[in-house]
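Labels below follow one simple rule: chain letters A, B, ... track the order of the sequence lines, proteins then strands, and each chain is numbered from 1.
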Amino acid sequence: MAAPSSSTATLTPVLIHLLRGASDLASVAATHAKLLKAGFASTLASSNHLLAAYSRCGAMSRARDLFDGMRDRNVISWTTLMSGYAASGRPRDTISLLRGMQFSGVQPNVVTLSTAASVCARLADEGLGLQVHARAAVARCARDTVVATALVDMYGKAGRVEDSRAVFDGMAAPARNAVSWGAMLAVYAQNALGNEAIQLFAELRTDDSGLVPNHFMLSSVMSACAGVARLGIGKCVHGAALRLGHGNNEVIAVALVDMYSKCGFYEYSRKVFDRIEQPSLIPYTSIIVAAAKYGLGRCALALLGEMVDRGVQPNDVTLLSVMHACSHSGLVDTGLQLLRSLQSKYGLAPCPSHYTCAVDMLGRAGRLEEAFELAKEAQIEGKEALLLWNSLLSACWTHKRLDLATLAGQRVSEFNQDVAGGLVVMSNAYASAGQTDNAAAVWSSMRQRGIRKDPGCSWIEVKDIPYVFYAGAISCAGTRADEMLMLLDELECKIREKGYKGRLGSARVSDGHEDDRDEGKGVMVGVHSEILALGFGLLVLPKGMTIRMMKNLRMCSDCHEAFKKRRTVVTDPRDDLGGGCG
DNA sequence: ATAGGGTTAG
C-alpha cells in the first residue's frame with residue numbers, strides 16, 4: 001500500500017464529495033479507482049463512503065466484496081451494508097449482518113437497530129422483531145425516537161397492536177414526534193381498528209406537544225374512517241387536510257376517494273378524483289374500485305380507456321377492478337373480453353383473482369356451464385381454487401341448479417376445509433325455500449364444527465354517531481325502541497304486499513348481550529340487521545333524505561328488493577366477496 | 001459525516 005503523498009492529501013475530500021453525489025455505478029467505480037490510485041481507498045472512512053455509494057446505486061455485490069476485504073469495520077460499515085440490503089429488498093441478509101456484527105463484537109447503535117426493526121416490520125416477522133426489540137433494550141436504545149417508531153410499525157405489521165401501543169406509550173412524551181404519531185395511527189388503520197385511530201387522532205389534537213397533523217397522519221385517519229364508514233369524522237379530516245394545505249396531495253386524494261366511496265358517497269369520490277391534475281396508477285385504480293362498488297361498469301371502462309390514453313399503465317389490480325365493475329353492472333361479455341385481453345393488450349398474466357372474478361360474473365348471470373368451463377380452464381390450485389369453486393357453488397344455489405351445485409360442492413369438499421361462506425349460502429337457500437328446520441340444522445352443524453362467522457350487522461350514522469344493529473336486536477335504538485317496532489310493523493305490511501318475505505315486526509327488545517344474538521335462531525328467523533337500521537333511519541332522519549347505511553356482509557336478495565322502494569345507499573366498507581345476510 | 005422511522009388502490 002503506497003503511503004499517501006502530500007500532493008494527494010488534499011485530493012480525498014474532493015473524491016468523497018464526488019462519491020456523495022454519484023448515483024450511477026460507473027461514476028462510483030471511477031471514483032473508487034481514483035481513490036485506489038491515490039492510496040486512500042483502504043482507510044476506514046473512504047471505505048465507508050464507498051460502501052454507501054455502492055449501496056445507493058444498488059450494487060450490493062460490489063459493496064459486499066468491498067466490505068469483505070476491509071481490514072477494520074466499525075458500526076457505520078456494518079450499518080451501511082445492512083441498510084443497503086434493506087433498500088434492495090433483502091431483509092434476510094440485513095438480519096444475518098446484524099448477527100455477524102454481534103459476533104464480531106461491534107455494538108449496534110440506534111441507527112443499526114432502527115434499520116433492523118424496519119426490516120422486521122417489512123417481513124411482518126414477530127419472532128425476529130422481538131429479538132431486535134430485546135437487543136435494543138440491552139443497548140438501552142429501545143426508547144429512542146426512531147428505534148421505538150420502527151418498533152411500533154414492526155408490532156403493527158405483525159398484528160400485535162397492543163405491543164405497538166405499549167412501545168408508543170413507553171416513549172417519553174418529548175421523544176414522540178410526528179413520525180411516531182403517524183406510525184401509531186397507521187398501525188390502528190392497518191389493523192382495522194378505525195375507531196381507535198380516530199380516538200388517538202383526537203388525543204393528538206388536544207395534546208400539548210403542538211404537533212401539527214401531516215399528510216401521513218391524515219391519510220391514515222382517512223383510511224380509518226373508511227374502514228369503519230365514519231363519514232362525519234372523515235369530512236372533518238378532509239376539512240383539516242384542506243386547511244393544512246394538503247388539498248393537492250395525491251396520497252390524501254386517494255385516501256379520500258376510498259373513504260367517500262366506502263361511506264356511500266360515490267359523488268364525492270368522483271369530485272376528489274376530478275381535482276387530481278395528473279392522476280397516476282393508484283388514483284385511477286382507486287376511483288375504478290369505487291365505480292365498481294356502485295355498479296358503474298361503463299364509467300370504469302371509460303376511466304380505463306382514459307388512463308391508457310394518458311400513458312398510465314394499468315396493473316393487475318386495475319384490470320381486476322374493471323372486471324368487477326363489469327360484473328356488478330351485467331357487462332358480462334365485456335368483462336370476459338377483458339380477461340382474454342389481459343396478456344395481449346395489457347401485458348399482464350391473468351391471476352387466480354381474475355379467473356375467480358370472471359367465473360363469479362358468469363355465475364351471477366346464470367351462465368353456469370360457461371362458468372364451469374372457465375373454472376376448469378383456469379387450472380388454479382390451493383387456497384385460491386377453494387375461493388373460485390366456492391363462488392361457483394354459491395351461484396349454483398342462487399340459480400337453483402342442484403345438479404351443478406353437487407359438482408362444485410365436490411370440488412369444494414376436496415379441500416377438506418370448512419367454508420363458512422358456502423354454508424351460509426346453503427342455509428339461506430333452505431330458508432328462502434321455507435325450510436327453516438334445514439337452515440337451522442346447517443347453522444347448528446357449523447357451530448358444532450367450530451366454524452365461526454362474524455355476526456352480520458348494519459349501522460347508520462346520525463349526527464356523526466354510528467348506531468349499530470345486529471339481527472333481531474334493537475337495543476341500540478335506545479328509548480325509541482318501541483316506536484321503532486311500531487314503524488317496522490307498519491313497514492312490514494306495506495312491503496309484504498310487494499312480495500317481501502322477511503319478518504319485520506318480530507324483533508326482540510334486547511340488551512345487546514351475546515346470548516341475545518343467538519345464531520341458530522336470531523340470524524335465521526329474526527329480522528335482518530339492515531331492516532333494523534333502515535327502520536331507525538326512517539324514524540330519526542328527516543323525510544325524503546337519502547338513508548346511507550353500512551353493512552359488514554352482503555345483503556340478501558329479499559332485503560335488496562325491499563330497499564329498492566326507498567332511496568337508500570348501502571355500502572360494505574370491507575371486501576364484498578363474503579356471503580350471507582345479517 | 002459515511003448509516004435510520006410513518007402514508008394511498010384489490
Side-chain angles (χ1 to χ4, degrees), chain A residues 13 16-17 19-20 43-56 74-84 86-87 108-119 121 141 144-154 156-157 164 167-168 171 176-187 189-190 214-224 226 246 249-259 261-262 269 273 276 279-290 292-293 314-324 351 353-354 356-357 574-577:
Chain A
I16 284 174
H17 181 79
L19 278 179
R20 289 191 62 196
T43 69
L44 184 58
S46 316
S47 296
N48 284 347
H49 277 285
L50 280 166
L51 273 178
Y54 279 127
S55 295
R56 259 200 308 277
N74 64 6
V75 60
I76 294 177
S77 325
W78 286 94
T79 308
T80 303
L81 195 63
M82 280 172 66
S83 102
N109 65 15
V110 289
V111 183
T112 320
L113 290 160
S114 58
T115 305
S118 79
V119 155
C141 49
D144 170 82
T145 304
V146 181
V147 173
T149 302
L151 289 171
V152 165
D153 180 42
M154 180 277 291
K157 296 273 176 12
S164 291
V167 173
F168 182 77
M171 295 170 75
R176 278 188 212 150
N177 63 13
V179 183
S180 327
W181 281 84
M184 193 63 232
L185 288 167
V187 166
Q190 288 162 0
N214 60 21
H215 74 280
F216 287 96
M217 301 182 205
L218 292 165
S219 56
S220 288
V221 177
M222 286 165 182
S223 145
H246 300 292
N249 183 294
E250 188 184 277
V251 174
I252 292 283
V254 168
L256 285 169
V257 166
D258 189 48
M259 190 268 291
S261 105
K262 287 178 179 160
S269 294
F273 175 80
I276 307 174
S280 62
L281 171 69
I282 295 182
Y284 266 115
T285 308
S286 64
I287 190 67
I288 290 173
V289 169
K293 207 175 171 55
N315 68 7
D316 53 338
V317 182
T318 321
L319 268 300
L320 178 66
S321 310
V322 181
M323 286 177 64
H324 267 134
C351 304
S353 53
H354 294 116
T356 303
C357 177
R574 310 181 319 175
D575 185 5
D576 76 350
L577 286 174

Next on the checklist: Looking at A:N48 and B:dA1, is any side-chain donor or acceptor paired with a base atom of the opposite kind under 3.5 Å?
Outcome noted: no
Item to check | base_contact_polar (B:dG4 base, A:N109 side chain, donor-acceptor, <3.5 Å) | outcome: no
Checklist entry - What nucleic acid atoms does A:A253 come within less than 4.0 Å of, heavy atoms only: base, sugar-phosphate, or nothing? => result nothing
Checklist entry - Which dot-bracket string fits DNA chain B when only Watson-Crick or G-U wobble pairs with both atom distances under 3.5 Å count, crossing pairs get [ ], and | stands for a partner on a different strand? => result ..........
Item to check | Side-chain touch A:V254/A:D258, heavy atoms, less than 4.5 angstrom | outcome: no
Checklist entry - What nucleotide among B:dT7, B:dA9, B:dA3 has an atom nearest to a side-chain atom of A:S286? => result B:dA9
Item to check | Any A:Q190 side-chain N or O less than 4.0 Å from OP1/OP2 of B:dG6 | outcome: no
Item to check | Qualifying residues under side-chain contact (heavy atoms from CB on, under 4.5 Å), relative to A:T149, sequence neighbours excluded | outcome: A:T145, A:M171, A:V179, A:S180, A:A183
Next on the checklist: Below the 4.0 Å mark, does B:dT7 have OP1 or OP2 next to a side-chain nitrogen or oxygen of A:S220?
Outcome noted: no
Checklist entry - To the nearest 0.5 Å, what is the distance between CG (A:N214) and OG (A:S219)? => result 8.0 Å
Checklist entry - Sequence neighbours excluded, which residues qualify as ring pair (Phe, Tyr, Trp, His ring centres under 6.0 Å) partners of A:F216? => result none
Item to check | Below 4.0 Å: OP1/OP2 of B:dT7 and any side-chain N or O of A:K157 | outcome: yes
Next on the checklist: If you go through the side-chain atoms of A:S114, does one of them form a donor-acceptor pair with the base of B:dG5 closer than 3.5 Å?
Outcome noted: no
